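Here the structure comes first, spelled out in structure tokens, and everything after it is commentary.
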Amino acid sequence: MKVRLENISKSFEKGKSILKDISLMIDDGEFCVFLGPSGCGKTTLLRIIAGLEKEDTGTIFFNDKVINSLEPKNRNIGMVFQNYALYPHLNVFDNIAFPLKISGEKKEKIKERVLQISEFIGLKEYLDYKPKQLSGGQRQRVALGRAISRSPQIFLFDEPLSNLDAKLRMQMRTELYQLHKELGTTSIYVTHDQVEAMTMGDKIVVLNNGIIQQIGSPFEIYENPSNLFVATFVGNPQINLFTIDSLNLNDDSSSLNQKLILNFYESLKEILQSNPVKIAIRPENIFLKPVFPHSIFLGKRKILTIEYMGNETIVNFEFNKELKSFRTNEKIHLNQDEYIDIYLNQDKLIFFDNNNNKI
Amino acid sequence: MIFPMFWMLLLSLKEYPERYSNFIHLIISKFTLLNYKDALKSDSFDIYFFNSLLVAVFVTLGNVLFCMMVGYALARKNFKGKAIFTSSILGVLIIPSHVIMIPLYRLMVKLSWINTYWSLILPWVVTPFGIFLVWQYLKSVPIELEEAARIDGASFWKIFFLIIIPVSRPILTVLGIYTFLGNWNSFLFPFLFTNSESYRTLPVGLTFYLGKQSIDWGHLMAGSSISALPIIILFLIFQKQIIKGLIAGSLKE
């Protein structure tokens with residue numbers, strides 16, 4: 001089922017605007033992730049699609065059919081909540097069977113379907129258990145089972161993994177993704193966790209302050225952020241930012257600005273003419289040696305901290321009294337307070353204008 | 001806590017217990033069920049017992065259903081005048097029941113409800129305390145349960161009866177038992193609102209064993225023992241739920 005939103009706006013009482021003019025399109029079978037910090041409106045948007053919240057203005061289409069006035073139960077959706085929302089007084093069987101019972105299915109059919117689902121989610125031995133006897137991961141699977149029992153056309157996930165511990169979260173992430181691949185149902189997934197968004201999403205919608213910042217594939221979001229918010233929100237460690245103003249005031253002969261003017265080749269000269277205010281570069285595009293032909297020397301910089309992660313090392317260094325970082329997977333030996341040469345890969349620089357939009 | 005119960009049982013099993021001047025004599029004297037026989041045989045005891053049971057059951061059912069409904073509305077719905085409504089409920093909670101004794105009596109007289117079951121049941125079928133109890137409990141029940149049920153296709157009343165009421169069972173059990181006990185033991189208002197034998201409840205009826213000249217201790221204690229019995233049985237059955245309900249919401253699940 002295709003989902004199309006047109007000009008959705010929503011404010012809560014006291015005039016606080018939650019969503020501003022949201023328009024987007026989700027294709028049939030697509031896994032779409034709403035990503036943003038808490039309070040950005042992503043959950044509200046999901047609840048509007050579910051029908052649990054009423055939009056102030058705008059139109060919601062499911063396959064070109066306007067469904068604004070439909071009750072949640074008539075939208076043919078399945079939803080998984082952050083706190084599982086399992087019915088505590090019912091056992092696993094009855095939890096999964098609840099939507100089927102409500103819709104008046106025959107008893108044998110319900111039993112057959114519940115058995116099929118319980119096998120699918122790997123909880124066939126737990127049908128008699130009450131939710132509180134299950135672990136967090138099992139509860140989330142039951143919630144999943146309940147959501148798929150009516151074979152909905154759209155799945156809605158509201159931060160379903162955020163109550164699980166890190167290891168279980170990774171495992172469930174894989175399971176959810178496989179489930180999506182097997183069922184091929186259109187899924188909308190809300191999260192503030194960029195790793196979940198990057199690993200699961202076919203399409204990521206980045207939201208901030210109720211406004212869509214960017215819609216794109218994980219690759220586009222990471223490599224080609226459309227504005228400063230997306231650039232800084234996605235990526236860990238955070239993208240390195242340099243203001244051109246502060247660089248101008250710097251007497252250092254190896255300042256970034258001078259190097260930019262000296263070294264830039266033709267295509268970047270155009271960008272420079274449109275007065276960029278900020279320059280950003282991801283930590284993996286900073287090196288200790290001039291690895292790439294278009295490298296910019298940033299001078300000798302002092303190492304503040306070293307985070308050794310095993311497969312990679314994140315080194316934080318000082319630049320203009322600010323903390324910048326780079327990532328390397330070379331096994332090199334560095335010490336704190338040591339001075340190191342810093343080179344930027346010029347091809348990977350991202351420029352932003354004074355409205356924080358990418359040039 | 002045990003001693004008064006023991007004392008009551010002991011006295012009820014003796015013929016003319018007031019004759020014994022010391023404790024040892026009382027204990028070793030003959031046990032008898034005569035007092036119970038007499039109490040059960042007396043003309044009006046079964047009427048009192050029936051009245052007490054009828055009133056307590058209806059008041060309890062009323063409380064569970066209506067307090068649940070009002071409490072739910074307060075916890076979940078927004079309506080005009082909600083703030084005034086809630087603060088007036090809380091306000092009523094602090095009024096001692098003795099203050100409303102005379103106004104309520106006059107109201108009953110005006111409605112011609114004196115000496116009817118109405119006066120024994122209707123003023124108590126919904127209480128601010130019960131509303132408050134349910135309301136606070138429901139505030140701790142995650143709203144996602146209802147949202148999940150809405151998405152699963154349930155209508156409002158189905159959600160109310162299939163999800164909300166079963167989930168609230170611990171607090172409803174507490175409310176039910178509390179109301180039942182309160183009513184079963186209630187003396188003042190049934191005493192005020194009835195003067196005919198056929199509408200007297202047990203606690204009121206028992207006071208008539210306190211005769212004009214003397215007190216028939218044996219019969220009084222036998223009657224009291226019988227009237228305490230349902231409460232003890234109730235408590236034994238629902239012990240677990242009572243404790244669970246009392247601490248509901250205070251522990252993280």
Side-chain angles (χ1 to χ4, degrees), chain A residues 12-13 43 46-47 49-53 70-91 94-105 130-134 136 139 142-150 152-160 163, chain B residues 64 68 71-72 75-83 86 134 136-176 238 240-245 247-253:
Chain A
F12 284 146
E13 54 263 44
T43 296
L46 189 80
R47 291 166 60 84
I49 296 173
L52 296 172
E53 207 95 53
L70 282 189
E71 281 286 306
K73 60 179 176 179
N74 298 325
R75 295 191 179 192
N76 204 0
I77 48 177
M79 186 155 171
V80 177
F81 293 85
Q82 178 176 2
N83 59 2
Y84 324 125
L86 296 177
Y87 310 128
H89 58 295
L90 301 178
N91 61 22
D94 288 329
N95 261 289
I96 298 174
F98 187 81
L100 302 168
K101 278 186 185 157
I102 291 289
S103 63
E105 293 277 354
K130 289 274 173 67
K132 68 174 174 196
Q133 294 167 288
L134 302 174
R139 286 183 205 184
V142 177
L144 218 75
R146 185 179 64 189
I148 57 182
S149 70
R150 270 207 314 175
Q153 300 276 353
I154 300 170
F155 281 135
L156 305 175
F157 299 97
D158 185 9
E159 309 208 18
N163 277 5
Chain B
V64 167
M68 185 72 211
Y72 178 81
R76 290 290 193 259
K77 304 281 176 195
N78 275 317
F79 50 87
K80 233 182 169 178
K82 185 176 169 181
T86 38
V134 173
Q136 293 305 315
Y137 179 82
L138 283 178
K139 279 211 282 195
S140 72
V141 173
I143 193 150
E144 282 88 350
L145 281 185
E146 289 161 59
E147 292 177 340
R150 271 174 76 189
I151 287 174
D152 287 344
S155 63
F156 172 75
W157 287 108
K158 271 192 179 152
I159 295 174
F160 189 74
F161 284 108
L162 294 180
I163 307 292
I164 299 300
I165 289 197
V167 164
S168 312
R169 222 180 67 184
I171 206 71
L172 291 182
T173 315
V174 168
L175 176 63
F238 290 107
K240 232 172 90 183
Q241 272 97 333
I242 295 175
I243 306 293
K244 222 161 88 182
I247 58 165
S250 62
L251 295 174
K252 194 170 172 271
E253 288 273 332

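No experiment lies behind these values; they were computed from the predicted model shown. Quick note: numbers below take in every heavy atom, side chains included, and nothing from hydrogens, waters or symmetry partners. Reminder, nothing fancy here: chain letters follow the sequence lines and each chain counts from 1.
With a threshold of 4.5 angstrom between heavy atoms, A:Arg47 approaches chain B through side-chain atoms but not through N, CA, C or O. At a 4.5 Å heavy-atom cutoff, B:Ile143 makes no contact with chain A through either its backbone or its side chain. Both the backbone and the side chain of A:Tyr87 come within less than 4.5 Å of a heavy atom of chain B. At a 4.5 Å heavy-atom cutoff, A:Leu100 makes no contact with chain B through either its backbone or its side chain.
Side chain of B:Lys82 to main chain of B:Lys77: a donor-acceptor pair is present (N/O by atom type, distance under 3.5 Å, no hydrogens or angles). Judged purely by atom type and a 3.5 angstrom limit, A:Arg139 has no side-chain atom pairing as donor or acceptor with the backbone of A:Asn83. The backbone N or O of A:Leu70 sits less than 3.5 Å from a side-chain atom of A:Arg75, completing a donor-acceptor pair. Using modelled atom types, no side-chain atom of A:Asp94 and backbone atom of A:Ala97 make a donor-acceptor pair closer than 3.5 Å.
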